[in-house]
Amino acid sequence: MQFQEYFSLFIEQIKATSYLEWIAVAFGVTEVMLAKRNNILLYPAGIIGILLSLYLKLKVRLYAESLLSMYYLVMSIYGWIIWSKRKAKNEALPVSWTSKQELQIAFAIAILGYFILYFALINFTNSDVPVLDAFVSSTAWAGMWLLARRKIENWIFLNVSNIVAIPLMWHKGYVMFALLTLFLFIVAIFGYFDWKKIYKRQLTVSS
């Protein structure tokens, strides 16, 4: 297929994008920009986007991705509660590097999550992309757990998920979600370096 044909297909898919998908993408962009700035408002914005994307993913049989959206919802509420409690005490939740134990937990979430999701998709659903669906979801689970705990490495786990999610979303015909994921991938790179700077500033203030 030539470039012109790819471009025409892309334009057709953009035109076919539903208003609901556009809204979900808008809230997704808002969430990641607020996360990059370490702003608590990322959680309410994220929750709205999550609920919309959950509905859309179920429509195209992305079951593990739908479970991921549910997990995002739980972790968003969890993170919001933690931040709110600290804010009430005038305490900012500090950004920090992941400890060895936390990193082991994150890898356990990713690896065990993958096998559990893959088994469930193969045996209990009609998913046509069980490998990619399970991988994207399990690595993102680990990343969201680290994000809620304000760990710098959350960006790495989330980007491992993002790089696989881009072609998966495109394959399912969700062009805007694919572009959103590409945007998230780029922002996560900057987020990683921004959080490193935040961490260094914290050390300067505390010293």
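Predicted model, so just to flag it, every value in this text is computed and none were measured. FYI, side chains are in, hydrogens and waters are out, and symmetry mates aren't considered; it's all heavy atoms of this structure.
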Next on the checklist: Show every salt bridge (charged side-chain N to carboxylate O under 4.0 Å, His left out) that has at least one partner inside residues 138-165, sequence neighbours left out.
Outcome noted: Glu102-Arg149, Glu102-Lys151

Next on the checklist: Running the 4.5 Å side-chain criterion over Ile, Leu, Val, Met, Phe, Trp and Tyr, what cluster does Phe124 land in, apart from itself?
Outcome noted: Phe119

Checklist entry - Does Trp145 belong to the same Ile/Leu/Val/Met/Phe/Trp/Tyr cluster as Val74, with side-chain heavy atoms less than 4.5 Å apart forming each link? => result no

What pairs of donor and acceptor atoms, side-chain ones from residues 46-59 against any protein atom, are under 3.5 angstrom apart with sequence neighbours left out?
| from | atom 1 | to | atom 2 | distance (Å) |
| --- | --- | --- | --- | --- |
| Ser53 | OG | Gly49 | O | 3.2 |
| Ser53 | OG | Ile50 | O | 3.0 |
| Lys57 | NZ | Glu65 | OE1 | 3.0 |
| Lys57 | NZ | Ser69 | OG | 3.4 |

Checklist entry - Nearest 0.5 Å, what's the CH2-CG distance between Trp80 and Leu42? => result 10.0 Å

Checklist entry - side-chain contact (heavy atoms from CB on, under 4.5 Å) with Pro167: which residues, sequence neighbours excluded? => result none

Validation: residues 179-196 side-chain donor-acceptor distances under 3.5 Å, sequence neighbours left out:
| from | atom 1 | to | atom 2 | distance (Å) |
| --- | --- | --- | --- | --- |
| Thr181 | OG1 | Phe177 | O | 2.7 |
| Asp194 | OD2 | Lys36 | NZ | 2.6 |
| Trp195 | NE1 | Ala35 | O | 3.4 |

Item to check | Euclidean distance, Lys197 NZ relative to Lys200 NZ, rounded to 0.5 Å | outcome: 9.0 Å

Checklist outcome for this item: So the salt bridge (charged side-chain N to carboxylate O under 4.0 Å, His left out) pairs with at least one residue in residues 154-171 (sequence neighbours excluded) are none

Checklist entry - Do the side chains of Ile116 and Tyr63 join up, straight or via other hydrophobic residues, at under 4.5 Å, putting them in one cluster? => result no

Item to check | Leu203 side chain near Tyr199 side chain, heavy-atom distance below 4.5 Å | outcome: yes

Item to check | Pairs where residues 176-187 contributes a residue and the test salt bridge (charged side-chain N to carboxylate O under 4.0 Å, His left out) is met, not counting sequence neighbours | outcome: none

Item to check | Flag, side chain of Ser161 to backbone of Phe157, donor-acceptor distance under 3.5 Å | outcome: no

Checklist entry - What distance separates Ile111 CD1 from Gln104 CD, expressed to the nearest 0.5 Å? => result 11.0 Å

Checklist entry - In terms of hydrophobic clustering (I, L, V, M, F, W, Y; side-chain heavy atoms under 4.5 Å; direct or indirect links), are Val164 and Leu112 co-clustered? => result no

Item to check | Taking every non-hydrogen atom, the tightest pair across Ala142 and Ile109 | outcome: N-CG2, 3.7 Å

Next on the checklist: Are Trp97 and Leu103 connected into the same hydrophobic cluster when the rule is that any two of I, L, V, M, F, W, Y join if their side-chain heavy atoms are below 4.5 Å apart?
Outcome noted: yes

Checklist entry - Who pairs with Val131 by side-chain contact (heavy atoms from CB on, under 4.5 Å), at least two apart in sequence or on another chain? => result Tyr114, Tyr118

Checklist entry - Taking C-beta and beyond as the side chain, do Thr98 and Asn154 meet within less than 4.5 Å on heavy atoms? => result no

Next on the checklist: Show the nearest heavy-atom pair for residues Leu121 and Ser127, with the distance to one decimal.
Outcome noted: CD2-CB, 4.1 Å

Checklist entry - With sequence neighbours excluded, what pairs up with Asn123 under the side chain to side chain donor-acceptor pair (under 3.5 Å) test? => result none

Checklist entry - Partners of Asn162 by side chain to side chain donor-acceptor pair (under 3.5 Å), sequence neighbours excluded? => result Asn159

Next on the checklist: Could you walk me through whether Leu168 and Leu62 satisfy the side-chain contact (heavy atoms from CB on, under 4.5 Å) test, starting with their C-alpha distance in whole Å, then the side-chain angles of each, then the deciding distance to 0.1 Å, before giving a yes or no?
Outcome noted: CA-CA 10 Å; Leu168 179 60; Leu62 284 174; 4.2 Å; yes

Checklist entry - Say you draw a straight line from CG of Asn39 to CG of Leu34; how long is it, rounded to the nearest 0.5 Å? => result 5.0 Å

Next on the checklist: Can you give me the closest heavy-atom contact between Ala45 and Thr30, atom names plus distance?
Outcome noted: CB-CG2, 4.0 Å

Checklist entry - For Asp128, what residues pass the side chain to side chain donor-acceptor pair (under 3.5 Å) criterion, not counting sequence neighbours? => result Lys172

Item to check | All pairs passing side-chain hydrogen bond (donor to acceptor under 3.5 Å, both in side chains) where residues 134-143 contributes a residue, at least two apart | outcome: none

